[in-house]
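The shown structure was predicted, so the numbers you read here are calculated from the model rather than taken from an experiment. Naming: A, B, ... by sequence-line order, numbering from 1 per chain.
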Amino acid sequence: MDWSQVLQWGFVIALVTAGIRLAVPVLLAVLGEIITERSGILNLGLEGIMIVGAAGGFMTAYYLETGPLAGLAGSWSAWLGLGAGMLAGMAMGLLMAVLSITLHVDQVIAGVTLVLFGHGLADYFYRLQFSSLTARVTGLEQISIPLLSDIPVLGELLFRYDPTVYLTVFLVFLTWFFLFHTTWGLNIRSIGEHPAATETSGINVNLGRYAATLIGAGLAGLGGATLTVVQLGLFREGITAGRGWIAVALVIFARWRPGLALVGALLFGLADALQFRIQALSQVERGVGTLPYEFLLMLPYLLTLIALLYRRGRRDAPAALGIPYTQDSH
Amino acid sequence: MLTKTNEPVVQMRGIVKRFPGVVANARVDFDLQPGEIHTILGENGAGKTTLMKILYGLHAADEGEIRLRGKPVSFTSARDAIAQGMGMVHQHFMLVNPFSVADNIILGQPSSRKPLMDDPKLIHQRIRTLSEQYGLIVDPEVEVGKLSVGQQQRVEILKTLYRGAEILILDEPTAVLTPQEVADLLPILHRLTEEGKSIVFISHKLDEVLKVSERITVLRDGEVVGVTPASDVNKADLARMMVGRDVILKVAKEPAQPKEARLQLTDVWVDSDRGLPALRGLNIEVRAGEILGIAGVAGNGQSELEETIAGLRKVKSGQITICDHDTTRSTPRDVGRFGLAHVPSDRYKMGLLPDFSVAENMFLQRIGESPFTQRGVLDWKAIHQQAQGLINAFNVRGATVNTPAASLSGGNAQKMILARELDRKPQVLIAAQPTRGLDVSAIEYVHSQLVEQRDAGLAILLISTELDEILALSDRIAVMYEGEIMGIVDAADADIDDIGLMMTGSKPTNGQTRGTL
Ligand SMILES: Nc1ncnc2c1ncn2[C@@H]1O[C@H](COP(=O)(O)OP(=O)(O)O)[C@@H](O)[C@H]1O
Ligand SMILES: [Mg+2]
């Protein structure tokens, strides 16, 4: 393949914009998981939550666009699909919360169960409703921000996206603000560090953990729905392709901070975009010396792994992460 | 103090609280007058903490009635109690280490601009004002985890005051403090009562209880043994009420008959976990048949000293010998073979495996030897038989061979560890904080064991931050400050003021040279 193509200006811009888009679903899940883990609940079920969000979101949007309800929601069908994805995620989150907070099921086991359950649930409903794989939805229009999007290069790089991209950037800020500048955020962080101390300060630990788990799962569900409803316009079995697991890893990379989560997710997104593009190029000009595409597929995951090695240790992890809380334990 | 005739601010009547297998409180009556310091005295497990958690809304009583300023109340959470002007400083601090002092203090407090947190400047200002008012000086912006234990306790007290507490419950506030910190705390309590606060003070240290309280309620096995003004009783009376029999408060011992040197440290340098010098050219020698006490404020190298001798920490330079074996680079296992026994300061982290049974804990170190293992197979019958022998000999109460170590009380866990260490017939014993957190009768037991072993010829290095304990047991006292020995004195003619000065880094005045014997 011709590497000079890779280095062309237009290619770089296309790569970066694709990378930013691809970062969105993962980033939403990472933000949610940061909130959940800050409360001391390790929700490893993100992959399952994302796929349920992806399926729920897609099917909702699809039925609002076609079928008997067509036209009812008009251009809102994609938004309603996203909302449905979020609700579906929260339903999964509720399951996680009941298992881990109320029933004290080991959080790792509850999380892994959630992943298996999520995959099964999504595939089942999808197969039940769709006999062919041609179902598609239209998604959301790109919004070019007036004036800013006309700036050369920068405008193209930063200001011509669909609304979920802007929304996600805003959510990074909002998550940070919520955690570090509101009393609720303080409570959540305190619950994750020292639940008994929090309880003695008159705060309901389990209520806080339920809330954090539901918010986190809602965001992961929204991430899954963004992928199918907005970015791909279709659903397939296993479409989230491990993004939930990547999100779990990126939370560690981000040291439980929303700002660093943005960085981590962008790295993942760029690697993913690069992988797509090089694959496409290689297919055009199959020849000697081509990287096997399986290797390319691995690239974003490999990158995440390396990032994790670089951030090893749990120094910044909430002290009570993964530990069930009972009133008697203080 | 003219308020004494007023009606009590707290009245607890007939409080009963049962936990599976124990009655923690059996019809307990307790009341607190406005402006008084009322001590609840009792051995570990007497039910003091449980009673206060009921008052503070963390536990629900099974029976009984609580009145606050005359009105019946029933709290279902700490929030209710805080709202009614109660504050509790817990035995184990309830602080979020990575948070700032200010964040710890405002946690759970309503903000005037919800959901945003209050303006930090305003909060810091309020904290500083309170700090100065009560002499509880601490920087509101610093991270709590970086504070000393004494400072953390100030944060705990400030926390209750900031939340408007009028009634303060202090659960064993002095258990973790150095003598100096205790001396600083007691006047603060008086300052608080002068400002009209009422204080429940929990402790099992008789001296400070007599010094600080106006009235004392003694609990034993969940029942009130008596309520008395502090001025009407002495230490012996209190000890008898607490334990239910006469207690020997002074350790009886003959002068030591020291023989050959068994443990020697020569110019030993060791780094702390953070890579700073923790032991700086330490020289000590412990002889057979004597107890050498290491006095000092916590954090002056005591834990490093303990770990270094036990083979758990790398020696940078210098030499350690145990019974004429050079153990400077030895592993804990080798050190044990050369005759060292170790009663570690952190009982539950270093001293035992909580989930393992008493028998397993007793013989784990020697499990591969006969009679515990025969031809590579564990001989449980022999193990249990030996363990039962030690349980009886050391009177480890509440233990069978199969009891998990975690379910033993502090005193009995310590007896188990002592039994294990002494059963190995050691030549040298390091006893680090051997009575920390124990009740009077357990302390009595551990102390008499140490003296008995000394008389039998054991060389004992006693490391303790309890100066009383050092004074009661040691034959010679070495005072440690910032990793150095400031001086070594004979216990017989030790001057407490001199020792106190050396503990804060002053050199002795009477010609004893620093760092030698
Ligand atoms: N949460 C609990 N669950 C079961 N037993 C408990 C609990 N808390 C205390 N106990 C038991 O109740 C008794 C009294 O304990 P506690 O009030 O902590 O005593 P104290 O504070 O006087 O040392 C002890 O036997 C203890 O083991
Ligand atoms: Mg207690």
Query raised in the report: Going by residue number, which parts of residues 169-183 of chain A are within reach of chain B, meaning a heavy-atom gap below 4.5 Å?
Result: A/Phe177, A/Phe180, A/His181, A/Thr182, A/Thr183
Query raised in the report: Do A/Leu321 and A/Trp256 come close enough that some side-chain heavy atom pair is under 4.5 Å?
Result: yes
Query raised in the report: Above 12 or not: heavy atoms from other molecules or residues under 6.0 Å from CG of B/Asp271?
Result: yes
Query - Proximity of residues 84-106 of chain A to chain B, residues having a non-hydrogen atom under 4.5 angstrom - result: none
Query raised in the report: Would you find more than 12 non-hydrogen atoms of other residues, nucleotides or ligands less than 6.0 Å from A/Trp245 atom CH2?
Result: yes
Query raised in the report: Do B/Arg126 and B/Tyr162 meet the criterion of a side-chain donor-acceptor pair at a distance under 3.5 Å?
Result: yes
**Report entry** Partner set under side-chain contact (heavy atoms from CB on, under 4.5 Å) for B/Val22, not counting sequence neighbours
**Finding:** B/Phe19
Report task. Just do the side chain to side chain contact (heavy atoms under 4.5 Å, CB included) check on B/Met52 and B/Ile40 with the steps written out, would you? Result -> CA-CA 10 Å; B/Met52 288 302 113; B/Ile40 301 181; 3.3 Å; yes
Can you give the donor-acceptor pairs under 3.5 Å from side chains of residues 105-113 of chain B to other protein atoms, not counting sequence neighbours?
residue, atom, partner, partner atom, Å
B/Ser111, OG, B/Arg113, N, 3.1
B/Ser111, OG, B/Leu116, O, 2.7
B/Ser111, OG, B/Asp118, N, 3.4
B/Ser112, OG, B/Asp118, OD1, 2.5
B/Arg113, NE, B/Met117, O, 2.7
B/Arg113, NH2, B/Met117, O, 2.9

Report summary line: Cut-off 4.5 Å, heavy atoms of chain A, and the answer for B/Pro98 is side chain
Query - Aromatic ring proximity B/His38/B/Phe30, centre distance under 6.0 Å - result: yes
Query raised in the report: Using a distance-only test with no angle check, is there a side-chain donor-acceptor pair under 3.5 angstrom linking A/Thr36 and A/Arg209?
Result: no
Query - Heavy-atom pair count under 4.5 Å with chain A, highest-scoring of B/Thr49, B/Leu95, B/Asn97 - result: B/Leu95
**Report entry** A/Asn187 and A/Ser190: side chain donor to acceptor below 3.5 Å
**Finding:** no
**Report entry** Residue B/Tyr56 versus chain A: region with a heavy atom under 4.5 Å
**Finding:** side chain
Query raised in the report: Is there a side chain to side chain contact (heavy atoms under 4.5 Å, CB included) between B/Arg154 and B/Gln152 once you walk through the steps?
Result: CA-CA 5 Å; B/Arg154 284 185 214 161; B/Gln152 292 187 349; over 6 Å; no
